[in-house]
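Take a look at the structure below.
Order of the sequence lines sets the chain letters (A, B, ...), proteins ahead of strands, with each chain counted from 1.
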2 protein chains.
Amino acid sequence: MTDALDVSLRLVRAQTALVKRFDASLGGLHGVSLADFTTLLRLGQAPGGRMRRVDLAEALGLTASGVTRGLVPLERIGLVTRETDARDGRVAYAALTDTGRARLTDMLATAEQVAAEIFAAPPWSKEDIGRMSALLTRLGGTGLPGHTPAP
Amino acid sequence: MTDALDVSLRLVRAQTALVKRFDASLGGLHGVSLADFTTLLRLGQAPGGRMRRVDLAEALGLTASGVTRGLVPLERIGLVTRETDARDGRVAYAALTDTGRARLTDMLATAEQVAAEIFAAPPWSKEDIGRMSALLTRLGGTGLPGHTPAP
DNA sequence: CTGATATGCTTGAGCACTCAAGGAGGTCGC
DNA sequence: GCGACCTCCTTGAGTGCTCAAGCATATCAG
């Protein structure tokens with residue numbers, strides 16, 4: 001087996017372990033999944049804390065229908081609201097509520113701690129993590145902000 | 001956001017893109033998913049081309065029930081058979097058929113090519129891929145062979 | 001204005017996994 | 001040999017996504 005295939009399979013495997021760990025902490029402390037958290041985080045990064053649902057889908061790497069279904073519970077528990085566009089009747093925005101923004105702050109602290117624990121165990125340097133981030137950015141296709149290093 | 005959280009989210013994102021790519025090629029050429037291929041590959045690596053289903057689950061990072069369900073289509077199309085243990089009536093083996101082994105060879109070539117394409121695009125060295133592999137091994141928990149480098 | 005086409009979103013059906021429960025078989029103490 | 005446990009596997013219910021289809025709205029050509 002080639003190295004490239006080997007590392008691909010390891011990546012797939014690593015992801016499931018990683019997701020489980022985030023889900024456990026985020027679920028236990030805040031009652032949300034990693035997918036929920038990522039959704040709220042993207043909304044929090046957007047201007048005004050709101051995005052068109054189609055853009056949110058693109059940012060999350062999901063389909064529009066995945067976003068529709070994923071937002072339902074977040075709307076139900078009051079972290080996100082649906083807003084309409086006065087100019088274009090087709091679009092619906094997903095917007096962070098004040099509660100949502102407050103809860104997101106707590107979740108972010110939890111998620112950062114989990115990530116810190118994960119990357120604390122192996123003796124890997126900041127540069128190693130940076131390199132990995134750069135490669136993952138390419139692998140991940142479009143959608144993430146980009147983390148472009150200064151030239 | 002910390003670097004550790006950033007790279008975690010990128011990893012999750014990268015995985016979905018990667019899986020889609022493998023699924024497209026493996027599905028198109030051989031009619032199997034990446035999960036199917038990984039299952040067959042593990043069986044192929046095992047002595048005698050067969051494993052107890054519980055060990056297969058461990059190797060794949062799935063639950064036993066996930067393996068039961070995942071093997072059904074592979075048995076149906078004749079790539080895998082179920083074998084029993086004469087000594088222990090509880091265990092059922094999943095075993096690669098001759099057809100399965102032949103098809104696996106073709107699939108492996110396809111998968112290696114896809115992986116090569118993925119890792120050809122970014123100008124990353126063999127060492128970079130090796131480092132990434134090592135980190136992913138730690139992240140991924142147990143289950144993979146290990147790739148321990150010579151001391 | 002009208003019809004054709006494109007866009008944004010939702011919905012039904014399906015798929016691949018999970019967890020929880022349960023059946024069948026094995027092991028051990030007594 | 002029998003009861004209490006453990007292990008291996010399957011099954012029912014639920015989750016979170018996908019694709020395909022459909023509806024409503026917008027845009028544009030004539």
In this structure, how many angstroms lie between the [atom2] atom of [N] and the [atom1] atom of [X], rounded?
X	N	atom1	atom2	result
A/R53	D/dC17	CZ	P	14 Å
A/K20	D/dT15	NZ	C1'	15 Å
B/L34	D/dC17	CG	P	19 Å
B/D23	C/dC15	CG	P	14 Å
A/L60	D/dT18	CG	C1'	15 Å
B/Q15	C/dA16	CD	C1'	13 Å
B/L62	D/dC9	CG	C1'	15 Å

Checklist outcome for this item: Taking C/dC9, D/dC9, C/dC19 as options, the one with an atom nearest any side-chain atom of B/T63 is C/dC19

Checklist entry - Which nucleotide in the set D/dC8, C/dC17, C/dC19 lies at the smallest distance from any side-chain heavy atom of B/A35? => result C/dC17

Checklist entry - Given the rule in the side chain to side chain contact (heavy atoms under 4.5 Å, CB included) test, do A/D3 and B/F119 qualify, once you have shown the distances and angles that lead to the verdict? => result CA-CA 10 Å; A/D3 284 359; B/F119 283 91; over 6 Å; no

Item to check | Polar side-chain atom of A/T68 near backbone of A/A64 as donor-acceptor pair, under 3.5 Å | outcome: yes

Checklist entry - So how far is it from A/T97 OG1 to A/R103 CZ, rounded to the nearest 0.5 Å? => result 9.5 Å

Item to check | Inter-residue atom distance B/L74.CG - B/T81.OG1, 0.5 Å rounding | outcome: 11.0 Å

Checklist entry - D/dT10 phosphate, OP1 or OP2: any side-chain N/O from B/S65 under 4.0 angstrom? => result no

Checklist entry - Which comes earlier along DNA chain D counting from the 5' end, the contact point of A/R90 or that of A/G66, where each point is its nearest nucleotide? => result A/G66

Checklist entry - Under 4.0 Å between a Lys/Arg side-chain N and an Asp/Glu carboxylate O for B/D85 and B/R87? => result no

Checklist entry - Can you list, by residue number, the residues of residues 68-89 of chain A that have a non-hydrogen atom closer than 4.0 angstrom to DNA chain D? => result A/R69, A/R87, A/D88, A/G89

Which side-chain N or O atoms in residues 46-55 of chain A pair as donor and acceptor under 3.5 Å with protein atoms at least two apart or in another chain?
residue: A/R50; atom: NH1; partner: A/E83; partner atom: OE1; Å: 2.3
residue: A/R52; atom: NE; partner: A/D55; partner atom: OD2; Å: 3.0
residue: A/R52; atom: NH2; partner: A/D55; partner atom: OD1; Å: 3.2
residue: A/R53; atom: NH1; partner: A/E75; partner atom: OE2; Å: 3.4
residue: A/R53; atom: NH2; partner: A/E75; partner atom: OE2; Å: 3.4

Checklist entry - Step by step, would you call B/S33 with B/D36 a side chain to side chain contact (heavy atoms under 4.5 Å, CB included)? => result CA-CA 5 Å; B/S33 67; B/D36 294 334; 3.2 Å; yes

Next on the checklist: Using a 4.0 Å heavy-atom cut-off, does A/A92 contact any base of the nucleic acid, only the sugar-phosphate backbone, or nothing at all?
Outcome noted: sugar-phosphate

